Amino acid sequence: MDNGFFKNIEKKTGVNMKDIFDLANSLQNANFKDEKTVRNVIRRVSQIANKPVNKEMEDQIVKSIVNDGKQLDFNTIAQMMNKK
């Protein structure tokens, strides 16, 4: 893809695209039925997005993914984070 495209996204969002690609690559073989894995992903997304997630919110996200079987994607996490 066009490098300028990613530079524009970085400028507008303040999020480093390398961090996003690294996170996406780490998710490919992750076990989303494992609570520890899911918590680590939530913390990484929170850190990359510079949006803190308190313990209660983290627990809700983990429960919905591990126990309820919701898909883990950026939109799901973002929606849950915006509900607080």
Side-chain angles (χ1 to χ4, degrees):
M1 252 205 197
D2 180 23
N3 202 20
F5 174 76
F6 292 121
K7 292 294 180 195
N8 274 344
I9 292 174
E10 287 178 351
K11 284 180 186 175
K12 289 181 181 181
T13 64
V15 177
N16 184 316
M17 293 310 294
K18 181 184 180 320
D19 292 341
I20 297 295
F21 289 126
D22 289 345
L23 175 63
N25 286 333
S26 74
L27 297 179
Q28 288 181 354
N29 297 314
N31 176 7
F32 294 112
K33 292 296 179 187
D34 176 53
E35 182 177 327
K36 184 177 178 182
T37 299
V38 174
R39 286 188 188 281
N40 285 336
V41 170
I42 293 167
R43 290 175 185 146
R44 283 187 69 191
V45 171
S46 171
Q47 182 180 34
I48 289 170
N50 196 26
K51 183 144 185 166
V53 175
N54 64 34
K55 177 74 170 130
E56 180 183 341
M57 179 59 59
E58 182 179 307
D59 290 343
Q60 289 176 354
I61 295 169
V62 168
K63 179 186 176 293
S64 70
I65 294 167
V66 174
N67 298 335
D68 301 341
K70 275 196 177 178
Q71 281 190 329
L72 179 65
D73 58 41
F74 291 113
N75 289 331
T76 301
I77 294 173
Q79 288 171 353
M80 290 178 171
M81 290 171 62
N82 288 329
K83 286 182 183 177
K84 53 177 183 167

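Predicted model, so just to flag it, every value in this text is computed and none were measured.
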Original post:
Of L23, L27, I20, which meets side chain to side chain contact (heavy atoms under 4.5 Å, CB included) against V45?
Top reply: L23

**OP:** Measure the shortest side-chain to side-chain distance between P52 and M57 over non-hydrogen atoms and say whether it is less than 4.5 angstrom.
**Re:** no

Subject >> Counterpart residues, side chain to side chain donor-acceptor pair (under 3.5 Å), relative to D34 (two or more places apart) >> reply: T37

**OP:** Output all residues satisfying side chain to side chain contact (heavy atoms under 4.5 Å, CB included) with K33, sequence neighbours left out; order by chain, then residue number.
**Re:** N31

Subject >> Smallest separation among heavy atoms of I65 and F32, with atom names >> reply: CG2-O, 3.8 Å

Original post:
Who are the salt bridge (Lys or Arg N to Asp or Glu O under 4.0 Å) partners of R43, not counting sequence neighbours?
Top reply: E58

Original post:
Does any non-hydrogen side-chain atom of E10 lie less than 4.5 Å from one of V15?
Top reply: no

**OP:** Report the residues that fulfil side chain to side chain donor-acceptor pair (under 3.5 Å) with K55, sequence neighbours left out, ordered by chain and then residue number.
**Re:** D59

Subject >> R44 versus S26, closest heavy-atom pair with distance >> reply: NH1-OG, 3.1 Å

**OP:** Just jot down the side chain to side chain contact (heavy atoms under 4.5 Å, CB included) partners of Q28, sequence neighbours excluded, or say none.
**Re:** N25

Subject >> Partner set under side chain to side chain donor-acceptor pair (under 3.5 Å) for K18, not counting sequence neighbours >> reply: D22

